[in-house]
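Remarks on the structure that follows.
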Amino acid sequence: MEWPAYLDEYEKLVIRMTTPRVMIDNAGCANATRVMIDSARKHGILLEAVQVLTDLNLSIKKAYISSDGRWFMDVFHVTDLDGNKLTDKSVINYIEQSLGDIQFVRSNCYEGLTALELTGTDRLGLLSEVFAVLADLQVNVVESKVWTHNGRIASLIYVKDCDSGSPIEDSQKIDKIEARLKNVLKGDNDIRSAKMSVSMAVTHTERRLHQMMFADRDYERKPKIRTHGDSPIVSVQNCLERGYSVVNIHCKDRTKLLFDVVCTLTDMQYVVFHATINTTRDRAYLEFFIRHTDGTPISSEAEKQRVILCLQAAIQRRASDGVRLELCAADRPGLLAEVTRTFRENGLNVTRTEISTTSDTALNVFYVTDATGNAADPKIIEAVRQRVGLDHLKVKELPSIYHQKAEREEEPTVGVGGAVLLSLGSLVRRNLYNLGLIRSYS
């Protein structure tokens, strides 16, 4: 193990004593790989472990979390997205290494980029205006994720200067970016709640999006457009004889569900002492025994209702309402502005976005509905594709994993990690390629 230079010998000894022990077993379960973690308990360590697994887009079918005194034990039953055990040695080694190092702070690899954080009132065409401003200011968008929920929008955009390819550090340019984006976010009626900030700090994008929407109190707002799908059922009760509050969640299973729930509980300063996660077909059942970080359970009815609202919001923020459109094209200045302007001109509302750039190729995902939140007219989708380019913008249906569940007789192949829209093989190997652990992910 390579030690950071700032650690002395005593600190190294403490780390050796508290380093998580990780075991990955393919023999003990018929249709899943078991990932077992023993570690000293500390606030946030469960989130860090779940984050490692979900960042690799693994499907968590079951999980058992138990805390005994100062020790913590997690057991996750995981599969790839086709419901198969993990057999790729590079993937297994990476999981073991990452889980063993979770005492060190990790983050997404966004060094060399400037982060723009935006929150405000969502409206038709807002993203088009944001990307148009950035294109006009010669700012290149490298990575971005955008969530919308209850009429609010949160976006984390990683950018660099178009000319130099470097982070944007010039204070005058930063001030200009802030001023113009704030004006876009404010629109005609969001003067108070619109927020925009610039940061050089590296962070975990999805956790930060949860924090931004939580700070924006999206959980207290009412949706402005129609939403589809069943709402998550969340209940909170106190187990007085044990001194715990018990949170039960029943909802549709989907990708990264466990991460979203644990992230929210952690950021609300609750500690998970015990938990059980189960899935049946496309349904997820989660039970958590929690306390405040000071060791006390939830103490009032108002606090219970706040926990319920916050967890429902956390689950719904990542909802994939609408048609999934995938854009794959050579990256160039203004590409995002042009594509999102085409969406706006055709009355398409963007509900969620994932933008990435790999080797000068733009790989972007958009979920779109009509302006009221209903399914977009297929003729409009086709017209948009014609304008952007049929070879570049493609409609992606929900993966077969959603449609084939009823044909499977064994345990469900979709876990709390859920069915996602790309194969594990390509995503995991791409992540390992970006980390320099393999030479190719093709």
Side-chain angles (χ1 to χ4, degrees), residues 105 107-149 151-218 221 267 317 331-344 350 352-357 360 362 364 366:
V105 177
S107 58
N108 299 71
C109 298
Y110 293 125
E111 291 87 352
L113 300 174
T114 302
L116 309 180
E117 297 183 356
L118 295 79
T119 55
T121 300
D122 188 28
R123 65 177 186 273
L124 184 67
L126 177 58
L127 273 186
S128 170
E129 297 176 43
V130 168
F131 291 135
V133 165
L134 294 177
D136 185 57
L137 293 174
Q138 299 299 300
V139 175
N140 184 36
V141 177
V142 180
E143 303 275 343
S144 178
K145 288 193 177 181
V146 181
W147 290 356
T148 62
H149 180 243
R152 306 299 295 172
I153 186 170
S155 177
L156 195 52
I157 307 175
Y158 295 95
V159 300
K160 62 183 179 181
D161 184 80
C162 278
D163 296 327
S164 66
S166 302
I168 301 170
E169 299 175 321
D170 180 78
S171 59
Q172 292 185 342
K173 185 163 188 176
I174 288 176
D175 290 343
K176 186 180 293 186
I177 292 171
E178 284 194 86
R180 290 190 58 179
L181 288 181
K182 280 182 180 177
N183 285 333
V184 168
L185 289 171
K186 289 176 182 177
D188 297 327
N189 57 4
D190 197 12
I191 297 176
R192 293 184 178 179
S193 64
K195 296 179 182 177
M196 190 272 160
S197 63
V198 179
S199 172
M200 300 299 293
V202 180
T203 186
H204 187 272
T205 302
E206 294 174 341
R207 183 170 186 187
R208 183 61 188 144
L209 284 171
H210 275 302
Q211 292 171 339
M212 290 164 62
M213 298 207 91
F214 177 74
D216 192 53
R217 305 176 79 89
D218 67 318
R221 303 174 187 269
D267 288 339
R317 286 171 193 150
D331 191 32
R332 57 179 172 78
L335 175 63
L336 281 171
E338 293 176 16
V339 172
T340 51
R341 183 179 67 243
T342 302
F343 292 160
R344 182 193 68 202
V350 181
R352 188 157 71 89
T353 303
E354 298 179 11
I355 293 164
S356 62
T357 306
D360 297 323
N364 304 333
F366 306 92

How far does [atom1] of [X] sit from [atom2] of [Y], to the nearest 0.5 angstrom?
{"X": "M212", "Y": "I153", "atom1": "CE", "atom2": "CD1", "result": "9.5 Å"}
{"X": "S199", "Y": "L116", "atom1": "OG", "atom2": "CG", "result": "9.5 Å"}
{"X": "K176", "Y": "S171", "atom1": "NZ", "atom2": "OG", "result": "11.5 Å"}
{"X": "E117", "Y": "I157", "atom1": "CD", "atom2": "CD1", "result": "10.5 Å"}
{"X": "Q211", "Y": "H204", "atom1": "CD", "atom2": "NE2", "result": "11.0 Å"}
{"X": "T340", "Y": "L335", "atom1": "OG1", "atom2": "CG", "result": "9.0 Å"}

Exercise for review: Kindly indicate whether the side chain of M196, heavy atoms from C-beta on, has any atom under 4.5 Å from the side chain of V184.
Suggested key: no
> Considering only heavy atoms from C-beta outward, does the side chain of V339 approach that of N364 to under 4.5 Å?
Replying inline: no
Which of R123, K186, K182 passes salt bridge (charged side-chain N to carboxylate O under 4.0 Å, His left out) with E129? It is R123
For the residue pair [X] and [Y], what are the closest heavy atoms and their distance?
{"X": "L126", "Y": "T121", "result": "CD2-O, 3.6 Å"}
{"X": "V146", "Y": "S155", "result": "CG2-OG, 3.3 Å"}
{"X": "S356", "Y": "E143", "result": "CB-OE1, 3.2 Å"}

After noting the C-alpha distance and the side-chain angles of E206 and R317, does the key distance pass the salt bridge (charged side-chain N to carboxylate O under 4.0 Å, His left out) rule?
CA-CA 11 Å; E206 294 174 341; R317 286 171 193 150; over 6 Å; no
For F366, the ring pair (Phe, Tyr, Trp, His ring centres under 6.0 Å) test, sequence neighbours excluded, returns F343
Donor-acceptor pair, distance only, cut-off 3.5 Å: does the side chain of T114 make one with the backbone of K160? no
Exercise. Dump the intermediate steps for salt bridge (charged side-chain N to carboxylate O under 4.0 Å, His left out) on R152 and D218, then the final yes or no.
Key: CA-CA 7 Å; R152 306 299 295 172; D218 67 318; over 6 Å; no
Using residues 130-141 as the side-chain source, report each donor-acceptor pair under 3.5 Å to any protein atom, sequence neighbours left out, with the distance given to one decimal.
from, atom 1, to, atom 2, distance (Å)
D136, OD2, R180, NH1, 2.7
D136, OD2, R180, NH2, 3.3

Salt bridge (Lys or Arg N to Asp or Glu O under 4.0 Å) filter on D331, not counting sequence neighbours, yields none
inquiry  = Run the side-chain contact (heavy atoms from CB on, under 4.5 Å) test on D216 and K195 for me, step by step, so that the C-alpha distance in whole Å, both residues' side-chain angles and the decisive distance to 0.1 Å come before the verdict.
reply    = CA-CA 9 Å; D216 192 53; K195 296 179 182 177; 5.6 Å; no
Check your understanding: Yes or no on salt bridge (charged side-chain N to carboxylate O under 4.0 Å, His left out) for R207 and D267, after CA distance, side-chain angles and deciding distance?
Key -> CA-CA 9 Å; R207 183 170 186 187; D267 288 339; 2.8 Å; yes
